[in-house]
**Q** 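The structure's right below; bear with me while I get my questions together.
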Amino acid sequence: MGMQQQIQEAAINALQQLSGKPFTAKDFQINKTKPEFEGDYTIVLFSLLKPLGKSPDALGNELGKFLLEHNAELFSSYNIIKGFLNLVVSDGYWTSVLSRNYNDVCFGTGAQKHKKVMVEYSSPNTNKPLHLGHLRNNFLGWSIAEIYKANGYAIVKTCIVNDRGIHICKSMIAWQLFANGATPQSTNTKGDHFVGDYYVKFNDEYKRQVEELISNGMDKATAEKEAPIMKATQQMLLDWEAGKPDVMELWKTMNSWVYAGFDETYKRIGSDFDKAYYESNTYLLGKKTVEEGLQKNVFVKKDDNSVWIDLTADGLDEKIVQRKDGTSVYMTQDIGLAQQKYEEYKIDESIYVIGDEQNYHMKVLQLICKKLGLPYADSIYHLSYGMVELPTGKMKSREGTVVDADDLLNEMESVAQQKTEELGKVKDFTAEELKELYKTLSLGALKYYLLRVDPKKKMIFNPEESIDFHGHTGPFIQYTHARIKSILRKEKAQRNEVQETPLLPLEKELLITLESYPTILDQACKEHDPSHIANYVYHLAKTYNSFYTEHSVMNAESEEKKQLRLLICEFTANVIAGAMQLLGISVPERM
RNA sequence: GGUCCCGUAGCUCAGUUGGAUAGAGCAACAGCCUUCUAAGCUGUGGGUCACACGUUCGAAUCGUGUCGGGAUCACCA
């Protein structure tokens, strides 16, 4: 149980004993004491004054005295300023937290919940390589899965691969027209980039053809429909749906090129999946759902045979769920896939990591599932995240401003190399150790940069800022870990507990921060938000660095202090490593 | 136009179940390495928390309105 919760329970008990009335956690607030006042935690008294009919000083003193008497192991003193009751937690309590947890690598993790949670993330299209936006998605999805695991949930990581449709046919057509049989092997190109190049070629040619038709007197809308390359693409989609052998063959071949490229990038960034769903297998799902919906009168069939749901009573629109030709739309496929996931894995919660441009879609999806009475409707959670933009504005593929994931990773790695060489601290590393370090640092910088921001908010990716390894960054935290390890290589703690000893302000502040880690972890899970962990671990590292500069471990004032600080060092290193691991970032022993 | 989200220091972000004088980083300036890794630490300057009104003992946080920015409202996915 966290300190704050303990204080809450002690205070509830005290208030009930003193007044004979019942109280709950909602009746008053407990905060961390502001640094300018004496104390560690503060009970805000204002909300209690009226119900108890007491003055701030009177209530504060009664409550403070009671807590000191009945919870002597927790509190050493109190003071009252205006309506704030500041409690000083005894040093003995903090050192006991240290002794109990300093070498517990599971510190902060939750008990087994016996619940299964699915996280769907990444979800690429197989017509172009991954870009910066995908990286935010991948890092978020992977991290939230780790955070759930740490809180005691069983996790299934999935990915829905958008491997069919008109956009896939575009790169296929362009390859047929322009490639002369070229392959990733023959051109020495990474497969996903190779296919992406033909997607670009399609758009160039399409644009050229449309302009040509317009200059021959056709209006724009017609030209866009009549361009030969577009007509060929639409025909190809029909051929694909009919299973025409040569089209299927080309489709399989080109997708296999893309998958080879994706695998490389996923491996590099540490994304992995327990199960991949392919849209080519799921796009026909949902027909049964439509039947059920019609029977339950949730859906209505119009004269032209198309099927709709009316959500206007819920403040939304009418939504189509089946085309007049009887095929499923995106929405229906998603309901079908949700059903399939539920049946295959019996999941208790289903998290979808999808950009906020689909907020409306996900809202509608969940609402339809509810109206259909599907058992998994309430378990759907849309982890919505904002777009990644550049200082110059949005990324636009047409303007070539999309930041490619592989390029970015290469760039980051060479910056890591350059900075490491400049500092020259690891000259004895082997070539392999160096390579590993560059990878660790570059990924640490990038993941931290993308995860430290509240997922819901759109964010600006500033290339110059992202390669900074100072200040509020991943490498700063990694560096702090390496510093601690440097001390611990020289000397290990001789004891596994410490005598109660007066704590210096920075020692105490570190222990208070460390003690709050489980609460932060729990909050990150409940709010589906890795940025809480990211901001917490930065704060911890920063506090440690102040402590490190101010107080020597090896040359401590006394042997008792030295042992105390060695334990604090080990505790801090463990929490930093554990928290960073939840963000998908590893921490080096040296850097 | 309807619905939803956002607006905090020059820039990027914390802080939002209402609590004390709103915090970090970057950028600027001034210091600190013969002592555990200076990718560090310490200090200075920098704010109409978009604006207005309201609720409250107390509002960046809650409500209403205004302004500004974004997303979405396809027989696309």
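To find a chain, count down the sequence lines: A is the first, B the second, and so on, and within it residues start at 1.
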**Q** What about A:Thr42: does its side chain form a donor-acceptor pair under 3.5 Å with the base of B:A20?
**A** yes
**Q** Any protein N or O atoms within reach of nucleotides 8-15 of chain B? Criterion: under 3.5 Å, listing atom names and distances.
**A**
residue : atom : partner  : partner atom : Å
B:U12   : O2'  : A:Glu465 : OE1          : 3.4
B:C13   : OP1  : A:Ile460 : N            : 2.7
B:A14   : OP1  : A:Asp454 : N            : 2.6
B:A14   : OP2  : A:Lys457 : NZ           : 3.3

**Q** Output the single nucleotide from B:U37, B:C41, B:A20 whose closest atom is nearest the side chain of A:Asn545.
**A** B:C41
**Q** Would you tell me if any nitrogen or oxygen in the side chain of A:His167 comes within less than 4.0 Å of OP1 or OP2 on B:A77?
**A** no
**Q** Should A:Lys371 and A:Asp314 count as an ion pair when the cut-off is N to O under 4.0 Å?
**A** yes
**Q** Round to a whole Å and report the spacing from NZ of A:Lys526 to P of B:U17.
**A** 15 Å
**Q** Look at the aromatic rings of A:Phe84 and A:Phe46 and report parallel, tilted or perpendicular, splitting at 30° and 60°.
**A** perpendicular
**Q** Checking side chain to side chain contact (heavy atoms under 4.5 Å, CB included) for the pair A:Leu446/A:Phe139: CA distance, chi angles, key distance, verdict?
**A** CA-CA 10 Å; A:Leu446 188 56; A:Phe139 297 162; 4.1 Å; yes
**Q** Of the nucleotides B:A38, B:A77, B:U21, which has the atom closest to the A:Arg483 side chain?
**A** B:A38
**Q** Can you confirm whether or not the ring centre of A:Tyr544 sits under 6.0 Å from the ring centre of A:Phe547?
**A** yes
**Q** Using Watson-Crick and G-U wobble pairs whose two distances are both under 3.5 Å, how do you write the pairing of RNA chain B as dot-bracket, with | for links to another strand?
**A** (((((((..((((.....[...)))).(((((.......))))).....(((((..]....))))))))))))....
**Q** Verify the distance criterion only: is there a donor paired with an acceptor across the side chains of A:Ser280 and A:Asp163 at less than 3.5 Å?
**A** yes
**Q** Could you work out which one of B:A77, B:A20, B:G40 sits closest to the side chain of A:Thr549?
**A** B:G40
**Q** Check the phosphate of B:U37 against A:Ser486, side-chain N and O only, distance under 4.0 Å to OP1 or OP2. Yes or no?
**A** yes
**Q** Figure out the NE2/P separation between A:His481 and B:U37, and round it to whole Å.
**A** 14 Å
**Q** Nearest to the side chain of A:Glu357, which nucleotide is it out of B:U21, B:C36, B:U72?
**A** B:U72
**Q** Answer with yes or no whether the side chains of A:Asp356 and A:Ser384 bring together a donor and an acceptor at under 3.5 Å.
**A** no
**Q** When you get a sec, tell me which of B:A77, B:G25, B:C57 is the closest nucleotide to the side chain of A:Lys50?
**A** B:C57
**Q** Do you know which two heavy atoms are closest between A:Lys485 and A:Ala573, and how far apart they sit?
**A** CE-CB, 4.2 Å
**Q** If you measure from the ring centre of A:Phe46 to the centre of the six-membered ring in the base of B:G19, is it under 5.5 Å, with the planes under 30° apart?
**A** yes
**Q** Any base atoms under 4.0 Å from A:Tyr360, or only sugar-phosphate, or nothing? Heavy atoms, all strands.
**A** sugar-phosphate
**Q** Could you tell me whether A:Glu389 and A:Lys394 make a salt bridge, using a distance below 4.0 angstrom between a side-chain N and a carboxylate O?
**A** no
**Q** Tell me: NZ of A:Lys456 to C1' of B:C4, nearest whole Å?
**A** 14 Å
**Q** How many whole angstroms separate atom CD of A:Gln358 from atom C1' of B:C5?
**A** 16 Å
**Q** Which nucleotide wins on minimum distance to the side chain of A:Lys363, given the candidates B:U3, B:U72, B:C57?
**A** B:U3
**Q** A:Tyr548 on top of B:G40's base, within under 5.5 Å and under 30°?
**A** no
**Q** Please confirm whether the shortest side-chain N or O distance from A:Lys542 to OP1 or OP2 of B:G25 is below 4.0 Å.
**A** yes
**Q** Would you call A:Lys439 and A:Glu413 a salt bridge, using N to O less than 4.0 angstrom?
**A** no
**Q** What nucleotide, of B:C75, B:U21, B:G19, holds the atom closest to the side chain of A:Gln29?
**A** B:G19
**Q** Counting side-chain heavy atoms from CB outward, which of B:A20, B:A71, B:C75 is closest to A:Asn86?
**A** B:A20
**Q** For B:C36, does OP1 or OP2 lie under 4.0 Å from any side-chain N or O of A:Lys562?
**A** no
**Q** Just the rounded figure in Å: distance from C1' of B:C36 to CG of A:Leu567.
**A** 16 Å
**Q** Test for a donor-acceptor pair under 3.5 Å between the base of B:A27 and the side chain of A:Asp468, counting only N and O atoms.
**A** no
**Q** Tell me if the CD atom of A:Glu318 is crowded by more than 12 foreign heavy atoms within 6.0 Å.
**A** yes
**Q** Establish, with yes or no, whether the OP1 or OP2 oxygen of B:U37 is under 4.0 angstrom from a side-chain nitrogen or oxygen of A:Lys490.
**A** yes
**Q** Compare the minimum distances between each of B:A20, B:C41, B:U37 and the side chain of A:Phe84, then state the nucleotide with the smallest one.
**A** B:A20
**Q** Can you tell me if NZ on A:Lys456 sees more than 12 non-hydrogen neighbours from other groups inside 6.0 Å?
**A** no
**Q** Under 4.0 Å between a side-chain N or O of A:Ser546 and OP1 or OP2 of B:U42?
**A** yes
